[in-house]
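Working notes, beginning with the structure itself.
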Amino acid sequence: EWQRAGITSYFHECRCLGETPSGRALRWLTKLLTGVFRRADVMEFLLSSPLKRPDDFPSDLPDVPAAEWNHLSMEAQIIAGERSWKDNLARLRNHLNTELERREWEADDPAAPLKNKLASLTAMEIYLQRLFAAVRAVREAKSWQQLGERMSALFSEFVASSEDADLIL
């Protein structure tokens with residue numbers, strides 16, 4: 001249309017920040033700032049974000065196993081609420097430990113998969129404890145400056161560095 005009208009034009013192709021992996025991560029993090037911690041929101045953040053692997057993460061887990069954690073959160077019947085996450089994951093841990101003890105007594109039922117599941121559950125509990133604490137810190141900010149600093153720290157701690165992430169920070 002522009003050419004037919006005799007107008008020289010140039011349109012720069014670009015992606016909106018919200019369409020980048022880091023932009024989506026930021027969008028999901030802001031949903032978590034409500035403090036409700038709905039399972040769907042927490043898992044969407046974990047499943048769709050380029051997550052940073054914590055330095056002290058268990059060495060046998062190479063990355064954050066978000067898909068496995070999604071399954072564990074469903075198995076634990078979590079709906080929403082920080083307390084629900086803590087209590088339901090603890091209940092699942094107790095169930096898995098009981099099952100592990102039973103399997104160790106039965107020689108024909110291998111216990112290795114359960115041990116791996118328990119290790120993943122432990123990592124999940126530690127990771128979520130940090131995530132929820134960092135979100136609480138943002139919510140408790142007393143000034144705009146403090147809010148910006150804490151939100152930046154939250155993003156930096158949980159989202160992997162990238163060109164997109166650098167634009168956000």
Side-chain angles (χ1 to χ4, degrees), residues 21-143 146-160 165 168:
S22 297
R24 285 191 299 276
L26 180 61
R27 222 179 18 236
W28 284 109
L29 275 175
T30 57
K31 280 192 169 216
L32 298 181
L33 292 178
T34 63
V36 176
F37 300 118
R38 289 176 355 111
R39 190 191 80 76
D41 294 338
V42 172
M43 293 317 305
E44 194 61 41
F45 167 69
L46 294 175
L47 289 164
S48 66
S49 301
L51 300 175
K52 182 184 279 186
R53 184 185 187 285
D55 293 334
D56 59 348
F57 210 56
S59 59
D60 55 331
L61 293 174
D63 291 311
V64 175
E68 184 176 351
W69 290 358
N70 186 42
H71 178 75
L72 288 171
S73 69
M74 286 188 284
E75 193 174 340
Q77 300 177 353
I78 295 166
I79 296 171
E82 187 173 355
R83 188 82 195 158
S84 175
W85 281 93
K86 185 177 181 180
D87 293 348
N88 289 21
L89 290 177
R91 195 173 304 116
L92 177 60
R93 169 178 298 292
N94 290 338
H95 170 74
L96 292 175
N97 278 323
T98 301
E99 182 64 18
L100 182 62
E101 287 174 13
R102 184 190 67 76
R103 286 188 185 189
E104 287 175 343
W105 284 100
E106 298 174 11
D108 61 331
D109 198 357
L114 264 181
K115 288 180 181 178
N116 292 340
K117 198 173 187 178
L118 278 163
S120 184
L121 179 61
T122 299
M124 179 183 185
E125 289 171 315
I126 293 167
Y127 191 91
L128 290 176
Q129 200 172 40
R130 274 196 196 143
L131 176 63
F132 295 163
V135 168
R136 270 195 319 277
V138 172
R139 290 173 47 86
E140 294 167 357
K142 302 284 189 233
S143 67
Q146 207 175 50
L147 178 69
E149 289 168 354
R150 291 180 182 185
M151 190 65 194
S152 180
L154 170 67
F155 186 84
S156 297
E157 184 176 352
F158 292 97
V159 179
I168 291 172

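A side-chain donor-acceptor contact under 3.5 Å links Arg39 and Ser73. Of the N and O atoms on the side chains of Arg91 and Asn94, not one donor lies less than 3.5 Å from an acceptor on the other residue.
Heavy atoms only, all atoms of each residue included: Ser84 and Ile79 are closest at OG-N, 4.2 Å. The two residues Thr30 and Met151 have their closest heavy-atom pair at CG2-CE, 4.0 Å. The minimum heavy-atom distance linking Leu46 with Ala66 is given by the pair O-CB, 3.4 Å. Between Asn88 and Ile78, the shortest heavy-atom contact is CB-CG1, 3.7 Å. Closest approach of Pro50 and Pro21 over heavy atoms only: CD-O, 3.6 Å. Pairing each heavy atom of Ala25 with each of Phe155, the nearest pair is CB-CE1, 4.5 Å.
In this structure, the side-chain hydrogen bond (donor to acceptor under 3.5 Å, both in side chains) partners of Thr122, at least two apart in sequence or on a different chain, are Arg93. For Asp41, the side chain to side chain contact (heavy atoms under 4.5 Å, CB included) criterion is met by Trp28, Lys31, Leu32, Arg38, not counting sequence neighbours. Applying the salt bridge (charged side-chain N to carboxylate O under 4.0 Å, His left out) test to Arg130 and every residue at least two apart in sequence or in another chain returns Asp56. The side-chain hydrogen bond (donor to acceptor under 3.5 Å, both in side chains) search around Arg139 returns none, not counting sequence neighbours. With sequence neighbours left out, the side chain to side chain contact (heavy atoms under 4.5 Å, CB included) criterion links Leu147 to Val138, Ala141, Trp144. Every residue two or more places apart in sequence or in another chain that forms a side-chain hydrogen bond (donor to acceptor under 3.5 Å, both in side chains) with Glu82 is listed here: Arg136.
Rounding to the nearest 0.5 Å places OG of Ser49 at 6.5 Å from CG of Leu29. Within the model, atoms CG of Leu72 and CD of Glu125 stand 9.5 Å from one another, a figure rounded to the nearest 0.5 Å. Taking CZ of Phe37 as the reference point, atom CH2 of Trp85 lies at 10.0 Å (rounded to 0.5 Å).
More than 12 heavy atoms of other residues, nucleotides or ligands lie within 6.0 Å of NZ in Lys52, so this atom counts as buried by the packing criterion. Within 6.0 Å of CD in Gln129 there are 12 or fewer heavy atoms belonging to other residues, nucleotides or ligands. The number of heavy-atom neighbours closer than 6.0 Å to CD of Gln77, taken from other residues, nucleotides and ligands shown, is 12 or below.
Counting heavy atoms from C-beta outward, Trp69 and Met74 have side chains that stay 4.5 Å or more apart. Taking the side chain as every heavy atom from C-beta outward, Glu68 and Met124 never approach each other to under 4.5 Å. Side-chain contact between Lys115 and Leu100: present, with at least one pair of heavy atoms (C-beta onward) separated by less than 4.5 Å. Inter-residue side-chain proximity for Leu128 and Leu89 is flagged as met; some heavy-atom pair is nearer than 4.5 Å.
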| Are Phe45 and Phe158 close enough, and set up right, to give a ring-ring contact (aromatic ring centres under 6.0 Å, His included), and what steps lead you there? | CA-CA 10 Å; Phe45 167 69; Phe158 292 97; 7.0 Å; no
Quick one: do Lys117 and Glu75 satisfy salt bridge (charged side-chain N to carboxylate O under 4.0 Å, His left out)? Show the steps, please.
CA-CA 12 Å; Lys117 198 173 187 178; Glu75 193 174 340; 2.9 Å; yes
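For the pairing with Val135, the side chain to side chain contact (heavy atoms under 4.5 Å, CB included) check across Val42, Thr34, Leu154 returns one residue only, Leu154.
Counting only distance, with no hydrogens or angles, the side chain of Glu157 and the backbone of Ala153 share no donor-acceptor pair below 3.5 Å. Put simply, the side chain of Ser152 never gets that close to the backbone of Gly148: no donor and acceptor are under 3.5 Å apart.
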